[in-house]
Amino acid sequence: MAAELKLISPEEYLACERVAEYKSEYVNGHILAMAGGSKRHNRVAGSVFGELYILFKDTQCEVFNSDMKVRVSSSMKFHYPDVSAVCGEAKFADDEEDVLLNPQLIVEVLSPRTSAYDRGKKFQYYQEISSFREYLLIAQDEPVVERYVKQADGNWLYTKIAGLENSVELLTLNCRIALRDIYAKVEWPAPSET
């Protein structure tokens, strides 16, 4: 007879997560362990955070790194995006201010292990957040950024930006980031000779 998995409540998850040594996400009663990112993943995520931090310095916008949880509207899902941002007042689940409720931009740096989830189910979950308007998926093995922007009719417009000479315009936040800045200090593998 198989052991039955015990589902935990969002409140139990938050109580445990706030004292845990390692980050975990939460989906419908289940805790999902997170693996650490590679050096390249951290450089890309850090560069996006740093660029937005500088751009937002004298504005009403705020950027958060991967330590900030985002709660999906149903409250049965909590995720740690690589970067999230909001313009205007950031709203939090409680006085701990560690669970953001109203991100407008969410950024995920893709890895081979998480790419399908970030593009699929996780994107679907994020779409339950009423404030969510723009989604960036950033490759770490080549200079490519995929941008989804929510349209007035509720559909998502897809744009692919490739090449270090190009920039990604963040329509929701009214700013632009050069791919050369996103990929600053990223070391690319030497091209193979054929």
Side-chain angles (χ1 to χ4, degrees), residues 23 25 34 36-73 78-93 96-111 114-115 117-119 122-123 125-151 156-188:
K23 291 191 269 188
E25 294 187 333
M34 295 179 62
S38 67
K39 179 171 84 170
R40 185 178 294 164
H41 180 282
N42 280 288
R43 281 185 173 167
V44 170
S47 291
V48 172
F49 173 82
E51 291 298 314
L52 288 176
Y53 184 84
I54 291 166
L55 288 168
F56 294 166
K57 189 171 55 169
D58 297 319
T59 72
Q60 294 296 314
C61 298
E62 194 167 3
V63 62
F64 302 97
N65 67 21
S66 62
D67 288 332
M68 179 62 70
K69 290 178 282 303
V70 167
R71 187 182 86 191
V72 172
S73 301
F78 294 81
H79 296 286
Y80 285 96
D82 290 313
V83 176
S84 56
V86 61
C87 287
E89 181 185 357
K91 296 179 182 169
F92 298 96
E96 294 286 329
E97 294 189 342
D98 62 347
V99 180
L100 182 65
L101 301 177
N102 64 331
Q104 293 165 298
L105 168 73
I106 294 177
V107 178
E108 296 288 0
V109 178
L110 300 173
S111 68
T114 65
S115 178
Y117 183 62
D118 290 340
R119 292 175 187 285
K122 199 172 202 183
F123 186 28
Y125 295 151
Y126 285 148
Q127 290 177 52
E128 296 176 33
I129 303 170
S130 62
S131 61
F132 178 49
R133 295 284 179 268
E134 198 158 4
Y135 192 41
L136 293 186
L137 297 171
I138 303 179
Q140 59 176 303
D141 57 346
E142 61 180 331
V144 173
V145 176
E146 296 173 86
R147 180 187 67 200
Y148 292 86
V149 178
K150 189 172 185 179
Q151 305 299 293
W156 290 82
L157 178 65
Y158 171 83
T159 307
K160 180 178 178 179
I161 302 98
L164 293 173
E165 69 282 0
N166 292 310
S167 297
V168 59
E169 184 177 6
L170 303 176
L171 300 171
T172 303
L173 305 175
N174 197 28
C175 64
R176 176 180 298 274
I177 303 176
L179 268 66
R180 72 177 171 279
D181 294 328
I182 290 173
Y183 291 100
K185 296 189 176 184
V186 170
E187 298 166 3
W188 303 103

Heavy atoms from other residues, nucleotides or ligands near CD of Gln60 exceed 12 (cutoff 6.0 Å)
no

Show me the donor-acceptor pairs within less than 3.5 Å that the side chains of residues 45-59 make with the rest of the protein, sequence neighbours left out.
from, atom 1, to, atom 2, distance (Å)
Ser47, OG, Arg43, O, 2.9
Thr59, OG1, Phe56, O, 3.0
Thr59, OG1, Cys61, N, 3.0

Could you tell me whether the side chain of Ser66 and the main chain of Asp82 form a donor-acceptor pair under 3.5 Å?
no

Step through it carefully: locate the ring centre of Trp156, locate the ring centre of Tyr135, and say whether they are under 6.0 Å apart.
no

Quick check: are there more than 12 heavy atoms from other residues, nucleotides or ligands sitting under 6.0 Å from CZ of Arg119?
yes

To the nearest 0.5 angstrom, please state how far the CZ atom of Arg71 sits from the CG atom of Leu101.
5.0 Å

Separation between CZ of Phe78 and NZ of Lys23, rounded to the nearest 0.5 Å:
15.5 Å

Indicate whether the side chain of Glu146 and that of Tyr158 have a donor and an acceptor atom separated by less than 3.5 Å.
yes

Between Ser38 and Gln140: side-chain donor-acceptor atoms closer than 3.5 Å
yes

Given the rule in the side-chain contact (heavy atoms from CB on, under 4.5 Å) test, do Leu157 and Arg147 qualify, once you have shown the distances and angles that lead to the verdict?
CA-CA 8 Å; Leu157 178 65; Arg147 180 187 67 200; 5.7 Å; no

Tell me which pairs pass salt bridge (Lys or Arg N to Asp or Glu O under 4.0 Å) where either residue lies in residues 159-178, with sequence neighbours left out.
Glu169-Arg176

Check this for me: Asp141, atom CG, are more than 12 non-hydrogen atoms of other residues, nucleotides or ligands nearer than 6.0 Å?
yes

Check for a donor-acceptor pair, side chain of Ser131 on one end and backbone N or O of Pro103 on the other, with a separation under 3.5 Å.
yes

Can you confirm whether the side chains of Glu108 and Tyr126 place a donor and an acceptor under 3.5 Å from each other?
yes

